[in-house]
Amino acid sequence: MAARERLSLLNARMHEAGLELFVAVSTSFHNFLDADPVFVLTGFRPMGECAVLVGLNDASLIVTPPWDAERARQRSGFTRVVPAVRLGEAVKAVAARFNAKPGKIAAAGASALPLASYREVMAAVGGKPQDGDDMLLKVAGIKTKDEIDDARTATRIAEKGYERLLEVTRPGMHEFELAAELYCHMKSLGADENFLLMSASQHNRAVRAPSRRILEKGDIILGEISPSYNGQFSQICRSAVIGPATEQQLEKFDILKRAMAVGKKAGAAGATAADAARGMNGVIGQAGYADYCRPPFMRVRGHGLGNLSSLPGDIDTANDTTLETDMVFVMHPNQYFPDVGYLLCGEPVRVTKKGCEALSEREAELDSIPV
Amino acid sequence: MHPVLVLGSYRWDQEWLPLDEFEERLRTVRGVMAAHGWDGLIVHGNSEESALLTYLTNFYPRLRWTLALIPAKGDMRLLVAGATRDLPAAAMLTWVKDVGWYGNADKVLPEWLASLGAKPKIALAGIGAIRPAVHEKVIAHCKPEEADDALLPLLRKKRPRERQMLRQSAKILTDTVATLAKDGLIAAERRARAGQAQDVRFLFSLDGGKTLKPFEAPSDLENPPSAAYVAVRYLGYWSEAFVTLEDTPAKKAAAAALAAMLDVAKPGVTGRDLARAAAPHLKGHTPHPMIGARVGHGIGLSLDEAPVLSADSDATLEDGGAYSLQVGIAGGFASAMVMPNNEILWRG
């Protein structure tokens, strides 16, 4: 299983770094953009604060609430699962068994804990451990074959979700009703989570969470459709007009499609995230919108996906992270245009030597929903 | 399981919660500030826990965190973390007019503190879920007193409009549980979300109620659950239920124990009293590990508000409080949501 492979990789990195104990902590508040260290190393998605303590020859999984320990045992395959009421107390007791020397301990994920738990866990491992966040991200940064398969499945679920949107949308629906339908449809297909931003307007300023707004003819529906399968997230970014799209809307969307094509080519293994972002910005800038290639008119040109490693991070001109074969992230030249508003266009991609391969079967078009 | 994004219906609903409601809440909080001599109050909330922030502002951070800066006199400000493009949508969720970006906190906080006069006395609330980096950001500019103990008790006694929100929340819960029993998990979730639930969470049992788990794979949908935990949120307000969906002797025992608890539930009764009332009906049954000695807790803008009511606690039901009462034994759950005057919002 992928988590076992990641655990072995972490052990190798610990040896290289001279570490004797690695403490990976989860708050259980899963984040679409950040890794969940416990999930990375165990394949178990916690419901409460949890930690994995990894020594050079052994690992223990601490689980709160204690009644969730059996699920943790089944999902992780760990033999040492410690049910606990308070994370800090359990970390202290389990860490003592590893007998690691001060200065030979690293921790990942602890900064996401609530303050009181953070202080308890830090005290339990002797004060200030080394920052292990980068080490953990790199362990999971390159996807295994199984994870890429999961990303493809998640992408297919997202595409079926979007097909559902095109099928059921009608003027008069509330945004939240449409979102409910998509969310539940994707869940029935196996999405164990979904970072679903979906909203509509005659002139969108950005995509946001669904509201009580009633859909109307002429609205552009924006969807960042982001299901997870086996804990592996994917994301497609789609735009659909209720009724026919205008020439102007199609023209602007074409800029984003061209930017996406350039971004995929620029995002070959060995290039940086910044190279891909500059490629996309170049196309949008040449079309006359260079002044709009910055917040609040866009955020970033893509990003890594949470739960597992969030590498390569934001696809942004300031990010010099090198893209490596089999990294998976979402690339999206999503952009506000002063005349037609915000448009979404993006695909989950896998890095190859020749560029980025889209995992989606059908790449984004500006779709029209008949009324 | 906490979702990566709370994507249900949420807004500032001025029909249910008009401006005067928040003005009254703010006045009450300012009364506490005055009593403690605080010139300014910083209230933190994040996507995991925002009860006090939401109580004062109606704002709920769907992602990351938000700080409310409340002077003893004058206008409140919000600093919302996230992308600047999201600020217009954030402003629609609150009555507070000054909605700014947390990214400017190092500029805004010193300006705000300076506006409070020389050496202002500051308090910080909503600390339960605050992350270390956000706490460091605040204490880099001031040395606040901790205010949760003084302010969180205000949330326990539900205001009339809050009671109405809880009733609405419990209505969605009732529909959701009924749909779960009849048509399964996906249909129940669709019902809740289409019914304007802001959030809905399920744990369910596929092993006769022994363990409860979140949805993880399509295989979880192949068989109907035998028991479930359901939580629903409406405009900030939670309701919850533990239910057994099959008829079992344990379910009957749990229901009888719950009925006995409801018979004695009134202001002044302790968790110990409630457990004592339930005990004769639970002889021979093993407590469910998910509930243990607990018999309930407060509920409202947090799913798990104080007080915790348990067999070994003297915490009491209070006049004006809203409570989730629960019985859990091996193979059987029963639960209820109650408010003052024995108003039962949900029972099952």
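To find a chain, count down the sequence lines: A is the first, B the second, and so on, and within it residues start at 1. Note that this is a predicted model, so its numbers are computed, not measured.
When every heavy atom of A:P114 is checked against every heavy atom of B:A129, the shortest pair comes out as CB-CA, 4.0 Å. The two atoms that bring A:G190 and B:P218 nearest to each other are CA-CG, 3.5 Å, heavy atoms only.
Neither the backbone nor the side chain of A:A116 comes within less than 4.5 Å of any heavy atom in chain B. Looking at B:L87, neither its backbone nor its side chain comes within 4.5 Å of chain A, counting heavy atoms on both sides. Proximity to chain B is limited to the backbone of A:P46, based on heavy atoms less than 4.5 angstrom apart. When heavy atoms are compared at a cutoff of 4.5 Å, A:L115 approaches chain B by way of both its backbone and its side chain. Contact annotation for A:P210: both backbone and side-chain heavy atoms come within less than 4.5 Å of a heavy atom of chain B. In this structure, the portion of B:L63 lying under 4.5 Å from any heavy atom of chain A is its side chain and not its backbone. Looking at B:L221, the atoms closer than 4.5 Å to chain A (heavy atoms on both sides) all sit in the side chain, from C-beta outward.
Considering only heavy-atom pairs separated by less than 4.5 Å from chain B, the leading option among A:F29, A:F32, A:F297 is A:F29. Of the listed residues (B:A89, B:A192, B:G292, B:P214), the greatest number of heavy-atom pairs within a distance under 4.5 Å of chain A belongs to B:P214. Contacts with chain B were tallied for A:A110, A:P66, A:A112, A:G306; A:A112 has the most, counting heavy-atom pairs under 4.5 Å. Looking only at heavy-atom pairs under 4.5 Å with chain A, the residue among B:P88, B:A133, B:A83, B:G8 that has the most is B:P88.
Residues passing the side-chain hydrogen bond (donor to acceptor under 3.5 Å, both in side chains) test with B:K143: none are found, sequence neighbours excluded.
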* Would A:F233 and B:V4 count as a side-chain contact (heavy atoms from CB on, under 4.5 Å) if you check the C-alpha gap in whole Å, the side-chain angles of each, and the deciding distance to 0.1 Å? -> CA-CA 11 Å; A:F233 274 107; B:V4 289; 3.7 Å; yes
Counting backbone as well as side chains, what donor-acceptor pairs lie under 3.5 Å between chain B and chain A?
from, atom 1, to, atom 2, distance (Å)
B:V4, N, A:E193, OE2, 3.0
B:R85, NH1, A:Y342, OH, 2.8
B:I130, O, A:L115, N, 2.7
B:R131, NE, A:A112, O, 3.4
B:E189, OE1, A:K187, NZ, 2.6
B:R190, NE, A:E181, OE1, 2.9
B:Q196, OE1, A:R212, NE, 3.4
B:E216, OE2, A:R71, NH1, 2.8

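Put simply, the side chain of A:L197 reaches to within 4.5 Å of the side chain of B:L5, judged on heavy atoms.
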